[in-house]
Amino acid sequence: MSRRLRLWLLGIGGAPLAALLVAACLDVPAFGRRSHPYGERAVRASLARHTANVVSSVNFDQRAYDTLGEMSILFAAVLGCVVLLRQAGDEHRADPRPAEVAPPVRRYALLVLPVALVTGLYVIAHGQLSPGGGFQGGVVAATALHLLYLGADYRALERVRPTGVFEVTDSLAACSYLVLGLAGVLAGTAFLANTLLPYGTFNTLSSGGLVPLLNAAVGMEVASAVVVLLAGFLDQAVEIEREKGS
């Protein structure tokens, strides 16, 4: 495809999008306006469903379908990376040599690892109550595991990070989000409608109806996806080598 044709395709695809963005910006409320209709409705709905964190209420209740799309994008991106980074026929695995780690780095990494892991799980578990949630907590928990790579060596990381298990967990977490949505359809309401469970007592772990379960599913999916993604890149950087002469 020539450069000129690519520019034409970009213009044809981008012109309608640019027109929509301009139209949307022209209808934006005036700066400094006291009335925030969307925010007021979101807060009202969040309080009515006993979800203390309004952002989580928007993500996993009021716009749970959008969150399904975001999770699917991450799932598809990781799947594409796994396919592209798989071991090719002209490559082989070489055992990495243990690298010498400075004692201060080792002590810091091994000390922070459990703290970071617990923090990530805490952020996921309290997503409907306080700032954070499945996306943020999942990244923190997945990153915590890789402190073992910095504080020890790659073999130590591999022992606590069986890639196959995390690939299955990633798939199960994504499926569980869909199952929770379909449960609403089977119950006679709507897909991902927050009507299956009681809303519970406000500002407790069991509050929010389906919000904690959807939040936990996303946290598990994000944590597993990040681990699988980093595993692919680390394998390429540390273990996989090209055959000589190829």
Side-chain angles (χ1 to χ4, degrees), residues 28-29 31-75 77-78 108-109 111-147 150 166 169-170 172-174 176-178 180-181 184 192-230:
V28 170
F31 180 76
R33 181 178 175 181
R34 289 180 175 274
S35 176
H36 301 280
Y38 184 84
E40 293 169 0
R41 291 187 178 95
V43 172
R44 195 180 307 120
S46 175
L47 295 177
R49 294 168 184 175
H50 296 184
T51 308
N53 184 2
V54 178
V55 176
S56 288
S57 177
V58 173
N59 289 338
F60 303 110
D61 185 355
Q62 303 169 42
R63 302 186 68 176
Y65 192 77
D66 292 352
T67 300
L68 173 62
E70 296 169 5
M71 183 180 65
S72 301
I73 290 173
L74 175 61
F75 184 85
V78 173
Y108 177 80
L111 178 65
V112 173
L113 190 156
V115 176
L117 183 59
V118 171
T119 300
L121 297 177
Y122 177 91
V123 172
I124 295 173
H126 291 75
Q128 76 276 16
L129 304 179
S130 56
F135 286 102
Q136 299 88 339
V139 173
V140 173
T143 305
L145 290 179
H146 291 80
L147 289 173
L150 299 179
F166 282 96
T169 305
D170 187 10
L172 289 177
S176 65
Y177 197 100
L178 287 172
L180 289 171
L192 288 172
N194 190 4
T195 56
L196 290 176
L197 299 176
Y199 296 139
T201 304
F202 183 76
N203 207 26
T204 62
L205 284 176
S206 59
S207 61
L210 275 182
V211 171
L213 297 181
L214 295 176
N215 175 64
V218 167
M220 191 178 356
E221 197 277 333
V222 170
S224 302
V226 172
V227 169
V228 172
L229 182 65
L230 292 178

Does Leu74 reach the side chain of Glu221, with side-chain heavy atoms less than 4.5 Å apart? yes
Look up atom OG in Ser57 and atom CG in Asn215, then write down how far apart they are to the nearest 0.5 Å. 12.0 Å
Could you pull out the closest heavy-atom pair between Ser207 and Pro212, with the gap in Å? O-CG, 3.2 Å
Are Tyr199 and Asn194 packed together at the side-chain level, in the sense that at least one heavy-atom pair is separated by less than 4.5 angstrom? yes
Pick out which of Leu213, Leu180, Val211 makes a side-chain contact (heavy atoms from CB on, under 4.5 Å) with Leu197. Leu213
Distance col, row Phe60:CZ vs Asp66:CG, nearest 0.5 angstrom, shows 12.0 Å
Donor-acceptor check, side chain of Ser46 to backbone of Thr51, threshold 3.5 angstrom: yes or no? yes
Does the side chain of Val218 reach to within under 4.5 Å of the side chain of Tyr177, using non-hydrogen atoms? yes
Please report the closest heavy-atom contact between Leu117 and Ala144, naming both atoms and the distance. N-CB, 3.5 Å
Derivation of the side-chain contact (heavy atoms from CB on, under 4.5 Å) call for Val222 and Met71: CA-CA 8 Å; Val222 170; Met71 183 180 65; 6.0 Å; no
For the atom pair CD1 (Ile124) and OG1 (Thr119), what is the distance rounded to the nearest 0.5 Å? 11.0 Å
Heavy-atom pair of closest approach, residues Ser224 and Met220: OG-O, 2.9 Å
Can you give me the closest heavy-atom contact between Ala193 and Leu210, atom names plus distance? O-CD1, 3.5 Å
Run the numbers on Leu214 and Thr67 for side-chain contact (heavy atoms from CB on, under 4.5 Å), then give the verdict. CA-CA 10 Å; Leu214 295 176; Thr67 300; over 6 Å; no
Below 4.5 Å, heavy atoms only, C-beta onward: do Leu150 and Tyr108 meet side chain to side chain? no
Would you say Gln128's side chain and Asn53's backbone share a donor-acceptor pair under 3.5 angstrom? no
Using only atom types and a distance under 3.5 Å, with no angle test, would you say the side chain of Asp61 pairs donor to acceptor with the backbone of Ser56? no
I'd like to check Thr169 versus Val227 (side-chain heavy atoms, cut-off strictly below 4.5 Å). Are they in contact? no
Heavy-atom side-chain contact between Phe166 and Leu145 under 4.5 Å: yes
Should the pair Phe202 and His50 be assigned to parallel (<30°), tilted (30 to 60°) or perpendicular (>60°) ring geometry? perpendicular
Taking ring-ring contact (aromatic ring centres under 6.0 Å, His included) as the test, write out the residues that go with His126, two or more places apart. Tyr122
Measuring from atom CD1 of Ile73 to atom CG of Leu68, what distance do you get when rounded to the nearest 0.5 angstrom? 10.0 Å
